[in-house]
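Each remark here refers to the structure printed beneath this line.
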Amino acid sequence: MKVARDGFRMLRREQLLHELVHDSYKSRHKLPEPTVCPKCGAVFHEGRWTWRSAPAGAHQHMCPACSRIEDDFPAGYVTLTGEFLHEHRDEITRVIKHCEATERSEHPLERIMAIEDIEKGLLVKTTDAHLARNIAERLHDAYKGALEFHYNKEDNLLRVLWSR
Ligand SMILES: [Zn+2]
C-alpha cells in the first residue's frame, strides 16, 4: 500500500469500513461523568457523548466537536466536483445538510463545520471522519459518480473526493 508523505493512504470503501478508528479527540481525556459541554450542551455519559439533558452539578468540559470547531481543525473533508454537481448544487447541498441532521441527532460529535465554495465545486468540512464518509456514501447512493477515499489513520483524518 502506497503511503503519501502526509500520511494519507488511498483506500477502497470496504477497507475504510475496517480501518476507520474512533476519533483521537474522543480518547484524549478521561472525563468524569456526567460532563456537559458548555458550548453545545452535549453530555458525556457512559463513555460517550449524547444529547441527554445534563443533571445539575455536572462537570463542564468542551466536547470534541466543539474543540475541533474552535481549533478550526476538521477531521473530515469531502470535496465535490463535476458538471453534475454544478447543475444540482442546491439539491446536493440539501442532501448533505439532511445527512448531517440525521447523523447529528444520534451522534453529537458528527457535525458539518463548513460548506465552502472552491474553484472546482464544494468543500465540506466535518468534525468527524465518519460523517465525511457517510455524506460521501449518501451522495454516491443517490447519484452514483466517482468516490475516492484517502485516510490518515495516525491522525484519523479522512479526505473524500466525489465527482460527477
Ligand atoms: Zn460541544
Side-chain angles (χ1 to χ4, degrees), residues 6-9 11 13 15-80 89-118 121-142 147-162:
D6 58 6
F8 280 87
R9 289 190 308 152
L11 295 178
R13 292 169 84 177
Q15 289 177 304
L16 185 69
L17 284 178
H18 295 294
E19 296 242 357
L20 207 55
V21 293
H22 288 294
D23 196 331
S24 53
Y25 264 52
K26 282 176 191 167
S27 50
R28 206 165 56 175
H29 305 284
K30 267 224 153 162
L31 294 172
E33 295 190 19
T35 288
V36 61
C37 173
K39 224 171 157 187
C40 70
V43 171
F44 191 72
H45 175 76
E46 291 179 350
R48 56 188 292 264
W49 288 91
T50 67
W51 287 126
R52 59 178 27 237
S53 54
H59 301 270
Q60 297 217 341
H61 197 281
M62 209 188 286
C63 76
C66 289
S67 301
R68 281 196 180 274
I69 291 164
E70 192 158 285
D71 297 349
D72 192 22
F73 184 51
Y77 299 83
V78 189
T79 303
L80 307 109
R89 197 188 194 90
D90 292 347
E91 180 191 333
I92 287 171
T93 305
R94 276 198 300 276
V95 170
I96 292 168
K97 287 182 174 167
H98 185 258
C99 180
E100 185 217 17
T102 311
E103 296 296 324
R104 179 184 184 153
S105 68
E106 294 269 329
H107 308 288
L109 302 188
E110 310 221 342
R111 299 180 207 166
I112 288 176
M113 291 172 61
I115 301 179
E116 295 172 0
D117 287 313
I118 54 173
L122 288 174
L123 173 64
V124 185
K125 297 176 176 176
T126 65
T127 55
D128 190 292
H130 291 85
L131 180 59
R133 188 199 67 198
N134 289 341
I135 287 170
E137 295 277 2
R138 192 72 55 94
L139 292 174
H140 189 260
D141 288 347
L147 264 188
E148 224 177 79
F149 295 103
H150 298 262
Y151 184 48
N152 176 334
K153 192 166 186 171
E154 185 96 335
D155 299 317
N156 194 28
L157 302 176
L158 181 67
R159 293 178 186 274
V160 195
L161 308 176
W162 178 82

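Whatever order the structure lists ligands and atoms in, that order sets their numbers, starting from 1.
- Looking only at side-chain heavy atoms (C-beta outward), His130 and Leu158 stay at 4.5 Å or farther from each other.
- Annotation: the span from Thr127 atom OG1 to Glu110 atom CD amounts to 7.0 Å, rounded to 0.5 Å.
- The NZ atom of Lys125 sits 12.5 Å away from the CD1 atom of Ile112 when rounded to the nearest 0.5 Å.
- Of all protein N/O/S atoms, those under 2.8 Å from the Zn ion (ligand 1) are Cys37 SG, Cys40 SG, Cys63 SG, Cys66 SG, and waters are not counted.
- In this structure, CD1 in Ile115 is found 10.5 Å from CZ in Arg89, a value given to the nearest 0.5 Å.
- Here Glu46 does not pair with Arg52 in a salt bridge; the nearest charged N to carboxylate O distance is not below 4.0 Å.
- For the pair Glu33 and Gly47, the tightest heavy-atom approach, listed with the atom from each and the gap, is OE2-N, 2.9 Å.
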